[in-house]
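Contents: one structure, followed by commentary.
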Amino acid sequence: MKKTSPPSRSSKKSPRKSSRTGRRPRFWRFFVRASVIGLVLLAGWVIYLDAVVTSRFEGRRFEVPSRVYARPLELYDGAGISSGALERELKLAGFRKGDGARAGSYRRNGGHFVISTRGFRFPDGDEPRRRLSLNIYADRIQDFSVISGDASPVVRLEPAQIGGIYPSHKEDRVLVQLEDVPALLPATLMAVEDRNFYDHFGVAPLSIARAMLANIRAGQIVQGGSTLTQQLVKNFFLTRDQTLLRKGNEALMSILLELHYEKGDILETYLNEVYLGQAGTRSINGFGLASQFYFGESLKDLDVHQIALLVGMVKGPSYYNPRRHPQRATERRNLVISEMEDAGLIDSVRAARARGLALGVSDKPSYSENRYPAYIDLVRRHLARDYRDEDLRSEGLRIFTTLNPATQYAAEFAVTDTLPRLSSGETRKALEAALVVTSKDSGEVLALVGGRDPQFAGFNRALDARRPIGSLIKPFIYLSALEQPDRYTLITPVLDKSFVLEFDDGRRWEPKNYDGKERGEVPVHAALSHSYNLPAVRVGLDVGVDVVKANLQAFGVSSEISEYPSMLLGAVAMNPVTVAQMYQGLATSGFNTPLRTIREVTDASGEALTRYSLEVDQVADPAAVHLVQYAMQETMQEGTGKSAYYTVPEELALAGKTGTTDDGRDSWFAGFSGDLLAVAWVGRDDNGGTSLTGASGALPVWSRFMAQVPQHSLSPVVPDGVNYHWVNGKRQALTGEYCDNARFMPFISGSEPTQEVSCSGTLQRRIKGWFEGLFQ
């Protein structure tokens with residue numbers, strides 16, 4: 001009998017049993033291996049996140065923009081300022097009209113002011129908080145006194161912040177330290193946002209569970225469970241995406257942050273990081289800046305209702321914007337006040353009082369990023385000589401400039417008020433302007449207007465419009481001549497008659513006077529004051545085009561200057577700032593003073609980095625410059641600039657010069673008083689004609705400005721080597737004071753006429769002279 005194999009069932013089942021028992025180990029092996037890999041990956045991810053957290057927290061946490069300040073206003077008995085100008089400057093510096101008792105507020109009753117300053121750290125020391133009282137009468141401060149605080153005869157107000165240089169992400173903040181923050185602020189913040197801040201390790205599971213339950217019940221997101229640490233991590237490191245991966249990273253990084261750093265460190269970073277609004281393109285980050293932005297006050301000076309509003313805005317800065325949605329913001333603020341009361345931070349009386357107060361938000365931010373775009377543009381170009389752009393954007397530097405807000409206001413008003421009245425039709429619409437104002441003696445740029453809309457941050461004509469300067473060049477031609485006193489004096493006759501220059505290549509050049517007339521012989525002083533072209537070209541060719549060019553360069557012109565004879569009629573392009581630099585040397589008797597917009601730069605802690613001191617370089621003979629100044633004063637009294645006195649008070653002595661190019665494409669005026677130098681330009685961006693001259697275009701703008709600003713008459717000091725004589729210009733001779741045609745004029749010693757002519761003078765003139773001598 002044939003033996004058969006054992007039943008196959010068992011033999012068939014066996015492999016199945018073997019397969020089940022084999023899968024389990026494989027599954028567990030797979031599970032273990034996957035877990036190990038997952039743990040390794042997680043560990044690696046945690047290590048990566050840890051590196052991200054620590055590197056940011058142990059390096060520089062914030063890129064802080066540089067802040068640009070105007071010059072500080074000094075208050076003292078006798079200081080020149082009008083009531084209106086003082087109030088404008090107070091508002092510009094963020095002072096609020098109020099009781100004059102709270103820091104940063106002022107009270108005005110007519111010309112009487114009571115001002116409570118905030119105190120400020122200047123580069124040369126701290127200016128403490130004070131309460132001041134003063135009266136303004138006839139544009140002068142009187143009865144100045146310090147009501148409270150350290151006594152001082154002179155008090156500097158906190159300078160207005162006029163701009164900032166921001167990081168590329170446009171975040172703006174004022175860094176605060178936890179010990180300088182009023183204790184009520186972090187306490188309120190924790191009462192509203194994270195009551196267990198000091199007890200959790202970055203995440204609060206119970207809070208998350210409560211929030212989830214509340215949200216499920218409500219059917220929408222009504223409550224968040226994030227801790228302050230999680231909020232900081234989200235803002236600092238992550239995006240706002242609502243994904244599980246982002247939430248996981250947020251939790252891990254929050255725990256890592258708590259493991260590495262103290263609670264106080266995390267809280268301080270939160271106070272500086274939290275987003276609290278938007279001002280144009282820049283974001284308002286941190287409570288330090290938000291306090292200034294919404295209330296115009298320092299964080300340390302905030303009251304209960306103000307703290308409550310800021311904390312309430314953390315939930316939604318745009319939704320609860322107090323300027324746009326005051327009702328909504330009030331309700332949110334009052335809710336926070338109730339939270340403060342429930343948490344025992346304030347008593348019921350204080351809470352009721354806080355709820356009854358208005359929001360107290362200033363009408364507008366204390367400064368706008370684009371308030372003075374043309375001036376800030378010049379400041380940035382000056383800073384670029386010494387600072388890297390990335391440092392300016394991130395190091396929190398403080399830049400103290402020379403901008404005078406009152407002068408800038410007058411300059412902007414002069415342009416915007418005058419320009420629309422200069423022409424008509426399409427030409428009027430196309431007219432543009434620039435105005436540069438400097439301190440005559442120091443070269444500090446006090447004001448700068450870059451176009452007909454001073455607040456438009458576009459093409460800056462004061463810096464970038466390089467246009468032919470026309471007759472503005474003539475004082476430098478005559479200066480070159482008068483530096484040769486053996487050949488030229490102010491009464492040297494020059495031929496005002498046409499001529500033709502023929503060049504080697506056959507070209508011809510025939511200069512003309514603007515009015516087309518010829519006058520024969522005219523003295524130098526009249527040729528300059530009346531801006532005759534033909535005498536200027538003759539003198540320039542006589543002394544040498546290269547000599548005139550060298551003088552221009554000595555006075556600060558660094559751009560290319562051609563040596564063609566047409567240069568003598570101003571066929572050389574410059575921008576208004578360069579013209580101001582050039583005329584600065586004329587105003588200061590031949591001492592070239594480089595224009596400057598910056599007095600000092602400090603780091604974020606107030607330590608001085610760079611001081612920009614006054615620099616003076618003598619580039620011309622003061623005696624010759626004095627003669628040119630004489631002729632420029634004559635321009636204002638008898639010549640092309642005399643219409644200025646339709647606007648400017650007659651008693652204000654001035655010196656100046658007009659400039660016009662073909663078809664009125666460019667209208668210029670440059671001139672100075674005892675205090676200020678101003679250069680005005682009017683023209684079109686498309687270089688089209690305007691039918692304006694220097695006297696009918698730029699001069700009205702210039703005059704309008706000069707008439708607004710309190711200043712002193714030009715009274716040049718007569719330099720050594722210059723003597724005044726009564727002369728008869730027509731006869732090139734000395735003469736008597738009371739002779740007809742007598743003029744009292746300066747001469748460089750040895751160049752005065754030697755010949756004398758006598759005369760009896762008119763009876764009327766002699767009687768007048770007798771009376772004048774009697775009362776001298």
Side-chain angles (χ1 to χ4, degrees), residues 469-485 487-497 511-515 517-543 545 547-548 551-552 555 567-570 572 579 582-583 585-587 589-590 620-644 653-660 668-672 677 679 693-695 698-699 702 714 716 722 724 727 729-730 732 743-748 751:
I469 62 171
S471 297
L472 291 190
I473 200 172
K474 286 174 182 168
F476 299 90
I477 296 173
Y478 291 110
L479 174 65
S480 303
L482 293 168
E483 285 178 325
Q484 304 176 34
R487 300 182 61 204
Y488 283 96
T489 69
L490 286 173
I491 61 172
T492 300
V494 186
L495 199 56
D496 183 15
K497 187 176 180 181
K512 301 283 188 183
N513 280 328
Y514 182 79
D515 59 6
K517 298 179 181 176
E518 298 177 13
R519 299 166 183 81
E521 285 189 342
V522 294
V524 163
H525 68 90
L528 177 54
S529 64
H530 292 277
S531 199
Y532 300 143
N533 287 344
L534 294 171
V537 175
R538 288 180 181 274
V539 172
L541 292 173
D542 184 48
V543 299
V545 176
V547 175
V548 178
N551 248 336
L552 293 174
F555 277 76
M567 181 268 275
L568 299 171
L569 289 182
V572 51
V579 172
M582 192 170 71
Y583 269 73
L586 286 182
S589 301
D621 179 8
V625 175
H626 186 79
L627 270 55
V628 173
Q629 289 179 342
Y630 175 92
M632 291 176 66
Q633 291 179 78
E634 187 178 303
T635 300
M636 305 303 297
Q637 295 158 3
E638 308 170 13
T640 55
K642 63 183 179 183
S643 63
L654 301 164
K657 184 70 192 79
T658 51
T660 310
W668 292 91
F669 195 85
F672 44 91
L677 164 72
V679 174
T693 65
L699 180 57
W702 187 90
L714 175 67
V722 171
Y724 275 73
V727 295
K730 288 186 177 178
Q732 295 284 295
R743 186 182 283 266
F744 197 51
M745 302 186 71
F747 290 85
I748 295 176
S751 67

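Residue indices begin at 1 and follow the sequence shown. Just the heavy atoms: all of them, side chains too, but no hydrogens, waters or symmetry mates, feed the values below.
Looking at Ser529 and Lys657, their side chains never bring a donor and an acceptor atom within 3.5 Å of each other.
Shown here are the side chain to side chain contact (heavy atoms under 4.5 Å, CB included) partners of Tyr514, two or more places apart in sequence or in another chain: Thr660, Thr693. Under the ring pair (Phe, Tyr, Trp, His ring centres under 6.0 Å) criterion, Tyr583 pairs with Phe476, not counting sequence neighbours. In this structure, Lys730 has no side-chain hydrogen bond (donor to acceptor under 3.5 Å, both in side chains) partners at least two apart in sequence or on a different chain. By the side chain to side chain contact (heavy atoms under 4.5 Å, CB included) test, Pro511 is found to be paired with Phe499, Trp509, Leu534, Val537, Leu569, residues two or more places apart in sequence or in another chain being considered. Listed by chain and number, the residues in a salt bridge (charged side-chain N to carboxylate O under 4.0 Å, His left out) with Glu638 are Arg743 (sequence neighbours excluded). Not counting sequence neighbours, the partners of Thr492 by the side-chain hydrogen bond (donor to acceptor under 3.5 Å, both in side chains) test are Thr489. Partners of Ala655 according to the side chain to side chain contact (heavy atoms under 4.5 Å, CB included) rule, which considers only residues two or more places apart in sequence or in another chain, are Met632, Gln633, Phe672, Leu714. Remark: Asp496 engages Asn513, Arg519 in a side-chain hydrogen bond (donor to acceptor under 3.5 Å, both in side chains) (not counting sequence neighbours). Glu483 meets the salt bridge (charged side-chain N to carboxylate O under 4.0 Å, His left out) test with no other residue; sequence neighbours excluded. Taking the side-chain hydrogen bond (donor to acceptor under 3.5 Å, both in side chains) definition, one finds that Glu518 meets it with Ser498, sequence neighbours left out. The side chain to side chain contact (heavy atoms under 4.5 Å, CB included) check on Val547 picks up Ser480, with sequence neighbours excluded.
A side chain to side chain donor-acceptor pair (under 3.5 Å) check over residues 533-543, counting only residues at least two apart or in different chains, returns the pairs Lys474-Asn533, Arg487-Asp542, Tyr488-Asp542.
Taking the six-membered ring for Trp and the full ring otherwise, the centers of His626 and Tyr724 sit less than 6.0 Å from each other.
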